[in-house]
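Reminder, nothing fancy here: chain letters follow the sequence lines and each chain counts from 1.
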Amino acid sequence: MSSIDESQPPGPAEMDKRFEPKQYEPAWQRFWREHDLFRSQTRRETDRPSFCILIPPPNVTGRLHIGHALQSSLQDLIVRWKRMQGYNALWLPGTDHAGIGTQLMVERQLAAEGTSRQEIGRERFLERTWAWKQQYHSNIREQLERLGASCDWSRERFTMDDGLSLAVRTAFVRLYREGRIHRGEYMVNWSPGLQTAVSDLEVESKSVRGKLYRIAYAVEGSDQKLVVATTRPETMLGDTAIAVHPADPRYQALIGRHAILPLLGRRIPIVADQAVDPEFGSGAVKVTPWHDPNDFEIARRHGLPGLRVIGFDGRMTAEAGPSFGGLDRFAARERVLEALRELGLLVGVDDHVHNVGHSQRGGEPIEPMVSKQWFCDVGDMARGALAAVRDGRIELQPDGWVKTWEHWLESIRPWCISRQLWWGHRIPAWYTPDGECVVALDFEEAAGLAGTRELEQDSDVLDTWFSAALWPISTLGWPDEDSEDLATFYPTDVLVTGFDILFFWVARMAMMGLHFGGDVPFRRVHLTGLVRDARGEKMSKTKGNVLDPLELVDEYGADAVRFTLCALDSPGRDIPLDPERMAGYRAFGNKIWNATRFALSRIGDARVPEHLDAVGLAAPERWILSRFSRTAGFVNDRFEAFRFDEACQRLYHFFWGDLCDWYIELAKPALFGDETSRPRVAEVLLWVLERSLRLLHPVMPHLTEELWHRLPGIDHSGVVAVALARYPEPEPKWEDEELEQRFEALQQVVSRVRTLRTERGLERRARLGLWIEGGVEREVAFVLEQGDLVRSLALLEELRQGAGPKDAVRDRVAGVELAIEVEAAKLGEVERERLGKELERIAGETRSVEARLANPQFVDRAPGEVVAGARARLAELEQRRAVLAAQLAGH
RNA sequence: GGGAGGUUAGCUCAGCGGUAGAGCACCUGCUUUACACGCAGGGGGUCGUGGGUUCGAAUCCCCCACCUCCCACCA
């Protein structure tokens, strides 16, 4: 107990009228940390069932953005809920080294110092980057903690930790030895800006307004010109053939002959290939094998040589000839066109809109070119991942993503996994002086295999997503097959992430998890939408509409931020985030605060009861317990279905509507009354409040923790925090459908009286008398039985059964006919109008229901209860019409 | 060219077979012994267009229109 007291927030015993998240949120974060509440256990240490979520690791040097806040809120909600359900729940945190991103940041820093990575060399550059990582890596943890994340920080991982690095090397070596990884010269996407190859996924195709140029090539041994169409004239310098469709009648005679490449005078063959579309351009295609993926394939089929005319820096090479070598690729284009124009060989220029691949990161056009790289052939692993989703071992939510998943995995191509970067996992391959390649776990093994220590390691690093693909197994201890964590938590249960990395990450984890882990890496994947601004626009720095989650936490409190994000997470939708909405949920927090404050001020000596005995409770108590039970059932069910939005709506309306607006008001007479009724009512109020705090805890952990600890009678030596309290479940014995219906009538009667005050512009406390004149027996009896409560809620002078004064205002609500005595009972103009409108509405609905009932097909085919419902509705409409019509006629 | 999603109250969105809901915004009253981050009451929608299925459609099916996003080597 004493240790708890020490880390209790220092807040005053007296509660302020307004809650102030800043005063207690950091204190509870510290409390959780100091009590080490979220450390999970291995199966050796506990027999509780396990539950595991792995964090999608943020960039180690990054700052959390609003998307992280969304995903973290959802992950924390899930893991807190499961933990409270008694699971050995683990939310494993960590960070990613983010190869390109981090390297670029450090390079930028070097540039500012007037140097570069090339200048300082690889070793010093890596030292710098590690230092940079050390400096920033605690930021992510701090930021997650400020959101209230209940991660097990003792298990924090970083993709370049020793253990994870070993996992990466092990996976690489095994895949290599299985023949799934190989090195070769193929067409890759080259980013001249980043100076590295990138994978297909890192290329974004953008529609570009360009030109289609028609260039005339001379045919050898004739005066004939062969016109080809191209969008990239500069690549002609690397042409090694012209291709036409084999069946194209225009070019039959030319197949097998040669053309002379303009500008360079090279003799190139004219070949026939199916890939050529006779309808496009001139029907003849220039073939540049080393700078176009299609041409590469054509060249392979025809055994054509390739020439590198564009270098890795985006400039033309010496192969491009003396006039062009050294020029930037775009400058070369102009120069080539100019030269062709002079020679009269540029025979046409048309506007042409086409798609050009751009580097996702750098933004510049990607240069397709042949390069020696490492590739991972994921074909059969992809089939495994495909099957896992098809047969439900992995559930994607929303399931609309299944098709996308299938399409991508069915048409998957080898994955280019090498990057010409320095920051990352260096490829575990060594070369002997003879150029022999040895793949091994480390230098010693490589030396043993090669029979020499004169080895040079491959200079490339692996794609960041390669290590990310191993995250589910590597963080849990793989390749150590005896790892207790792996045995306890693998397969993990839930993955929450954005759809934008479905292929980059999720699919690849599925492949690697199945391959190395022997099972799916996670059973369910919850894909979130994109967080947008209040108007639904994408957040971007240039637009200046970026919302920083930590600033939002400062302004509204972490719980309000979390509640908002969870409440807006509806499947398949982007999330428009309006700070106004967050203010609304901050108000909700304040409501919870004040409800508790009120309860604490009126409960006397009552304590939160261990068990609640239903016997002898009055109707309002039985009612709120019934509502609570149904809410608990609903919330659990919606959490289970990952419908956090629906769960949050229900929590909000239960607490604010049922508990505050109605129950607390209903309980007030007893709470302010004598000692006969007060203790029991106070107990129920405390009980419901305490259970409600538990119910709300996964969404609003700080506030619920703060308030829960203020409630009297909780044995904190048993359960030190609400974070570890049992999550409420529905209690069917308290659910009372009939009682809830009767209460509905009571509520409507009270509302009708209140409406009348507004209609008549009466004083809030104007003396009113209410007569219950008739109606449905059950409801009437209940309203009369609860007469005292109705009187206090509706602020009535008196309430009686029987016929009211002649000039009273009459209405029928929820089956109860009532007459309200008002001093000046004349209907005003506005009221008459409203009555008229209401009668019209009733007449309209009556016609519609009558028509339905007059239709024999409806009566025959519709379910009995629907027909009965319609009949009852018709009767109710008629009763109400009669009352209102009499009312209107009587004045 | 394929695929997915969207089109419901002024705004942002739920609902997805029995004639419409929320939050915010708006209007009208309120120092009511927890809360103005409050209380009570209210106005506001032919659920994108056109067909079809059904006793009955915002809800299922088809067409169209307009948005958004993925995927795709026609130079």
Nucleotide by nucleotide, nucleotides 67-75 of chain B touches protein heavy atoms under 4.0 Å in the pattern (B base, S sugar-phosphate only, - none) -S--SBBBB

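Remark: P of A14(B) and CG of Asp645(A) are 8 Å apart, rounded to the nearest angstrom. Atom-to-atom, CZ of Arg852(A) to C1' of G17(B) comes out at 12 Å; the value is rounded to the nearest Å. Atom C1' of nucleotide A22(B) and atom CZ of Phe563(A) are separated by 12 Å, given to the nearest angstrom. Between the CG atom of Asp578(A) and the P atom of U12(B) there is a distance of 10 Å, given to the nearest Å. For the pair Trp405(A) CH2 and G5(B) C1', the computed distance is 19 Å after rounding to whole Å. Atom CD of Glu838(A) is separated from atom P of G42(B) by 11 Å (rounded to the nearest Å). Atom pair Asp500(A):CG and G5(B):P shows a separation of 18 Å (rounding to whole Å applied). One interatomic measurement links the two molecules: CG of Leu527(A) to P of G5(B), which rounds to 14 Å at whole-angstrom precision.
G51(B) and C13(B): their C1' atoms are spaced 29 Å apart (whole Å). Across the P atoms, G41(B) and C60(B) are found 34 Å apart, a figure rounded to whole Å. U28(B) and C69(B) have their P atoms separated by 41 Å, with the value rounded to a whole Å. Across C24(B) and C64(B), the matching P atoms stand 41 Å from one another, rounded to whole Å. Comparing the C1' positions of G3(B) and A75(B) gives a spacing of 25 Å, expressed to the nearest Å. Straight-line distance between the P atoms of G15(B) and C71(B): roughly 27 Å, to the nearest whole Å. For the C1' atoms, the distance linking A57(B) with C47(B) amounts to 11 Å, nearest Å. Comparing the same atom, C1', in U8(B) and in C16(B) gives a spacing of 12 Å after rounding to whole Å.
At a threshold of 4.0 angstrom between heavy atoms, the contacts of Arg650(A) with the nucleic acid are absent. Arg573(A) comes within 4.0 angstrom of sugar-phosphate atoms only, judged by non-hydrogen atoms across all strands, and of no base. Within the 4.0 angstrom heavy-atom criterion, base atoms lie near Glu845(A). As judged by a 4.0 angstrom heavy-atom cut-off over every strand, Pro863(A) is placed among the base-contacting residues.
Each of Leu577(A), Leu552(A), Asp554(A), Leu70(A) was scored for a side chain to side chain contact (heavy atoms under 4.5 Å, CB included) with Val561(A), with one residue passing: Leu552(A). The side chain to side chain contact (heavy atoms under 4.5 Å, CB included) test with Ser692(A) is passed by exactly one of Asp658(A), Ile624(A), Leu659(A): Leu659(A). Across His291(A), Arg333(A), Arg329(A), a single residue satisfies side chain to side chain donor-acceptor pair (under 3.5 Å) together with Glu234(A), and that is Arg333(A).
In this structure, Glu865(A) places its CD atom where only 12 or fewer heavy-atom neighbours from other residues, nucleotides or ligands lie under 6.0 Å away. Enclosure of atom CZ in Arg767(A) is not indicated, since only 12 or fewer non-hydrogen atoms of other residues, nucleotides or ligands lie within 6.0 angstrom.
Phosphate contact (OP1/OP2 of A34(B), side-chain N/O of Lys668(A), threshold under 4.0 Å): present.
Here A25(B) is the nucleotide among C35(B), C13(B), A25(B) with the atom lying nearest to any side-chain atom of Glu580(A). Listed nucleotides: A34(B), G15(B), U12(B). Nearest to the side chain of Phe598(A): A34(B). Side chain of Glu665(A), nearest nucleotide from A14(B), A34(B), C13(B): A34(B). Minimum atom distance to the side chain of Arg764(A) is reached by U32(B), of the listed A22(B), U32(B), A25(B).
Using a 4.0 Å cut-off between charged side-chain N and carboxylate O, Glu555(A) and Arg586(A) make no salt bridge. Asp350(A) has a carboxylate O that lies under 4.0 Å from a charged side-chain N of Arg214(A), or vice versa, which qualifies the two as a salt bridge. Salt bridge annotation for Arg841(A)-Glu845(A): present, with a cationic side-chain nitrogen under 4.0 angstrom from a carboxylate oxygen. Here Arg300(A) pairs with Glu297(A) in a salt bridge; the nearest charged N to carboxylate O distance falls below 4.0 Å.
Under the 6.0 Å cut-off for aromatic ring centres, Tyr652(A) and Phe654(A) do not qualify, their centroids lying 6.0 Å or more apart.
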| said: Go through it in stages, so that I can follow the logic: the residues are His526(A) and Phe644(A), the test is ring pair (Phe, Tyr, Trp, His ring centres under 6.0 Å), and I'd like the CA-CA distance, side-chain angles, deciding distance and then a yes or no. | reply: CA-CA 11 Å; His526(A) 180 70; Phe644(A) 310 110; 5.6 Å; yes

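At least one side-chain heavy atom of Thr404(A) sits less than 4.5 Å from a side-chain heavy atom of Phe503(A).
For the residue pair Arg597(A) and Asn594(A), a side-chain donor N or O sits within less than 3.5 Å of a side-chain acceptor on the partner. Between the side chains of Ser199(A) and Glu202(A), at least one donor N or O lies within less than 3.5 Å of an accepting N or O.
Heavy-atom nearest nucleotides on RNA chain B were determined for Phe858(A) and for Val849(A), and the one closer to the 5' end corresponds to Val849(A).
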Protein-nucleotides 36-40 of chain B N/O pairs closer than 3.5 Å?
{"from": "C37(B)", "atom 1": "OP1", "to": "Arg18(A)", "atom 2": "NH2", "distance (Å)": "2.1"}
{"from": "C37(B)", "atom 1": "O2'", "to": "Asn590(A)", "atom 2": "ND2", "distance (Å)": "3.2"}
{"from": "C37(B)", "atom 1": "O2", "to": "Arg586(A)", "atom 2": "O", "distance (Å)": "3.3"}
{"from": "C37(B)", "atom 1": "N4", "to": "Arg18(A)", "atom 2": "NH1", "distance (Å)": "2.8"}
{"from": "G38(B)", "atom 1": "O3'", "to": "Lys591(A)", "atom 2": "NZ", "distance (Å)": "3.1"}
{"from": "C39(B)", "atom 1": "OP1", "to": "Lys591(A)", "atom 2": "NZ", "distance (Å)": "2.6"}
{"from": "C39(B)", "atom 1": "OP1", "to": "Trp656(A)", "atom 2": "NE1", "distance (Å)": "2.7"}

Symbol by symbol from the 5' end, with Watson-Crick or G-U pairs under 3.5 Å, [ ] crossing and | another strand, RNA chain B is ((((((((.[[[[.)..(..]]]].(((((.......))))).....[.[[[..)....]]].])))))))....

